[in-house]
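The structure appears below as structure tokens.
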Number of protein chains: 2
Amino acid sequence: MLDPISRIRRFNRAVTSAVGALDTSFLGRGRPLGAARVLNAIGHGREDVAEIRDYLGLDSGLMSRLLRSLEDEGMIETSPHEEDARRRVVRLTRAGRREFNAYEALSNAQAEALLARHSQKDALLAAMDMIGSALGQSRTKLSEMSPRSDEARYCLGEYYAELGRRFKQGFDVKLSRDPDAKDMVRPRGIFIVAMSDSLPIGCVGLKGTDHGYAEIKRLWVSPAARGLGLGRRLMEAAESAARELGISVLRLDTNSALPEAGQLYRRTGWSEIPRFNDDPYPDLFFEKHL
Amino acid sequence: MLDPISRIRRFNRAVTSAVGALDTSFLGRGRPLGAARVLNAIGHGREDVAEIRDYLGLDSGLMSRLLRSLEDEGMIETSPHEEDARRRVVRLTRAGRREFNAYEALSNAQAEALLARHSQKDALLAAMDMIGSALGQSRTKLSEMSPRSDEARYCLGEYYAELGRRFKQGFDVKLSRDPDAKDMVRPRGIFIVAMSDSLPIGCVGLKGTDHGYAEIKRLWVSPAARGLGLGRRLMEAAESAARELGISVLRLDTNSALPEAGQLYRRTGWSEIPRFNDDPYPDLFFEKHL
DNA sequence: GCATATATCTGACTTTAGTCAGAGAATATT
DNA sequence: AATATTCTCTGACTAAAGTCAGATATATGC
């Protein structure tokens with residue numbers, strides 16, 4: 001009753017029966033689960049038949065029949081792919097959109113019901129984020145994005161909030177050097193966000209300078225995604241982007257109040273160097289030659 | 001990307017595909033899922049056919065056929081129920097036990113794999129406990145148990161640990177009045193543990209005294225189960241047990257460092273009274289007439 | 001241009017899950 | 001003792017999911 005394996009298996013049991021309930025709710029609209037899943041995949045923006053087949057793990061014959069039945073119902077329309085006439089492209093009709101929305105409303109209602117009977121909503125959501133990240137680890141994608149995108153802003157907001165909590169003296173963005181974004185855009189630099197199925201869970205910036213080196217900035221991993229090696233993945237992505245941009249020297253600054261960050265840098269080939277700026281927050285400085 | 005509903009639905013997606021993988025792992029041993037589920041139910045100690053049928057939600061005809069196929073495989077043996085010859089009782093043969101163990105090993109390996117690729121194991125397990133409790137809310141059972149049972153000891157250990165964290169001066173069990181258990185056993189009192197599918201997630205004790213009242217002691221709800229109204233359920237169970245034992249006055253002591261407890265008592269008909277003992281820890285005292 | 005590979009579709013299956021009515025045996029109720 | 005109810009089992013279904021071997025049309029590599 002106390003060992004980790006039992007606890008995970010208890011979680012599995014709870015979740016299996018909840019998912020069962022979730023599955024059966026997809027029935028109740030007069031459509032078998034397979035067809036409902038295809039309809040939902042299309043509604044969520046997948047339009048390439050082969051992609052849907054792959055995503056849902058279906059045999060091509062079965063897929064074909066499911067599409068045919070949705071077409072007969074008037075839920076979808078198919079047309080040949082513009083560039084490859086062997087492929088087909090699917091999209092919802094108006095009736096299909098309505099039906100998809102009905103499924104969405106069902107799912108939302110279920111989520112709301114779970115939330116409604118829980119008074120510690122933040123803790124519950126944080127737990128869900130964590131487990132979603134752990135289970136969806138293989139589906140975490142790193143994407144280059146503008147540092148002004150919604151996703152990047154969200155990450156940066158969480159990053160600053162965390163610095164505020166962890167620095168004894170608090171943290172004021174405006175006092176930090178160069179809070180703005182223009183140097184983290186190609187070709188001077190880049191900004192990378194880690195997305196786990198629509199939730200941003202980490203970021204890193206590569207900031208170009210005019211001093212013969214570039215800087216790594218704003219490395220952040222969501223509490224929900226810690227322990228999965230995402231920090232290392234983000235750093236590797238930033239370093240390989242730097243190589244690609246012809247950058248050969250990287251520097252970064254950090255604070256000893258963030259020991260896990262310092263540890264990561266030391267383990268991945270960075271060397272401590274003397275202070276190279278007069279930013280008030282950092283007290284540790286690193287450099288790496290690519 | 002930030003609203004609670006989307007976060008819950010992201011969790012659902014992650015978990016649905018993980019559970020899908022879990023389900024298919026039950027295949028791979030040359031047995032359809034239905035038969036595997038029945039075999040597992042039997043392996044976990046269910047032996048009454050009707051009970052298994054009810055637990056798995058199966059039709060009697062289907063159940064009968066699944067049992068027959070397991071019997072043909074040599075995995076189980078059935079015999080008539082000793083007291084009711086209409087019923088049947090099932091148990092694993094030696095081969096069935098082996099097969100069941102193989103499924104168990106599979107499940108354990110899966111759990112271990114998840115744990116192995118996560119370095120923040122405690123946080124992950126805590127998140128799983130929380131979600132398991134939230135999803136399995138309807139399956140949380142309150143059971144009367146000896147305060148010396150493993151389950152009770154586990155709860156009390158967690159309870160004391162939490163007091164140690166939350167009291168400024170720490171907490172030493174030995175200094176607290178009456179740490180022992182004999183007064184929380186019928187007919188003087190009782191001890192109740194809340195179990196969520198083999199994990200103890202809360203407890204409460206009703207302790208008989210010789211002063212014309214009984215005391216509520218050791219009310220604890222696991223962090224994993226907070227926000228679900230379990231504290232109230234435990235208190236209601238303790239109060240109705242008190243009524244049943246002919247007790248008409250209840251008292252309890254608590255500490256203002258545990259504000260959520262005081263709030264619960266005030267909301268459920270308890271009145272604050274002057275100090276009625278010289279225990280060093282409590283600073284708030286309540287009474288309720290049943 | 002021709003062989004090869006790929007994407008979809010169709011027909012002909014099998015397996016699994018599940019439903020329903022009723023039979024047979026035992027137990028519970030009146 | 002008669003009647004109703006309960007539990008398991010069997011036969012006769014249906015629906016859904018999944019498999020497999022071509023057929024057809026298109027794309028790609030040499």
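Every chain is numbered from 1 and lettered A, B, ... according to where its sequence line falls, protein lines coming before strand lines.
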>> Regarding A:R232 and A:E239, does a basic nitrogen lie under 4.0 Å from an acidic carboxylate oxygen?
In response: no
>> Need to verify one output field. Residue with the more 5' nearest nucleotide on DNA chain D, A:G61 or A:A85?
In response: A:G61
> Are B:R233 and B:E236 ion-paired here, with the side-chain N under 4.0 Å from a carboxylate O?
Replying inline: no
>> To the nearest 10°, give me the bend of the helix from C:dG1-D:dC30 to C:dT30-D:dA1, comparing the axes of its five terminal pairs at either end.
In response: 20°
>> Show every salt bridge (charged side-chain N to carboxylate O under 4.0 Å, His left out) that has at least one partner inside residues 123-136 of chain B, sequence neighbours left out.
In response: A:R7-B:D129, A:R10-B:D129
>> Without decimals, in angstroms, what is the distance between A:L58 CG and C:dA7 C1'?
In response: 15 Å
> Is B:R186 paired with B:E244 through a side-chain N to carboxylate O contact shorter than 4.0 Å?
Replying inline: yes
> Can you give one letter per nucleotide of nucleotides 12-17 of chain C, going 5' to 3': B for a protein heavy atom under 4.0 Å from the base, S for sugar-phosphate only, - for none?
Replying inline: B---SS
> In whole Å, what is the span from the CZ atom of A:R68 to the C1' atom of C:dT8?
Replying inline: 9 Å
>> Check this for me: B:R37, atom CZ, are more than 12 non-hydrogen atoms of other residues, nucleotides or ligands nearer than 6.0 Å?
In response: no
> Checking salt bridge (Lys or Arg N to Asp or Glu O under 4.0 Å) against B:D48, which of B:R53, B:R87, B:R88, B:R86 comes through?
Replying inline: B:R87
> To the nearest 0.5 Å, how far apart are CD in A:E71 and CE in A:M75?
Replying inline: 12.0 Å
> Does any non-hydrogen side-chain atom of A:V38 lie less than 4.5 Å from one of A:M63?
Replying inline: yes
> Nearest-Å distance, CG (A:D59) to P (C:dA7)?
Replying inline: 14 Å
> Which two nucleotides bound the region of DNA chain D that has atoms under 4.0 Å from heavy atoms of chain A, read 5' to 3'?
Replying inline: D:dA16 to D:dA27
>> In whole Å, I'd like the distance from the CG atom of A:D54 to the C1' atom of C:dT6.
In response: 14 Å
> Is it the case that A:D3 and A:S6 place a side-chain donor and acceptor less than 3.5 Å from each other?
Replying inline: yes
> Once you round it to whole Å, what is the distance between C1' of C:dA25 and CZ of B:R86?
Replying inline: 9 Å
> Got a salt bridge between A:E77 and A:R91, using NZ or NE/NH1/NH2 to carboxylate O under 4.0 Å?
Replying inline: yes
>> Heavy atoms within less than 4.0 Å of DNA chain C: which residues of residues 46-53 of chain A have one? Give them sorted by number.
In response: A:V49, A:A50, A:R53
>> For a quick test of reading the model: is some side-chain N or O of A:R88 closer than 4.0 Å to OP1 or OP2 of C:dT8?
In response: no
>> One thing to verify: whether B:R46 and B:E51 come together as a salt bridge, which I'm taking to mean a side-chain N less than 4.0 angstrom from a carboxylate O.
In response: yes
>> Using the ring-ring contact (aromatic ring centres under 6.0 Å, His included) criterion, which residues pair with B:H81? Sequence neighbours excluded.
In response: none
> Looking just at side-chain N and O atoms, do B:R31 and B:Y103 make a donor-acceptor pair shorter than 3.5 Å?
Replying inline: yes
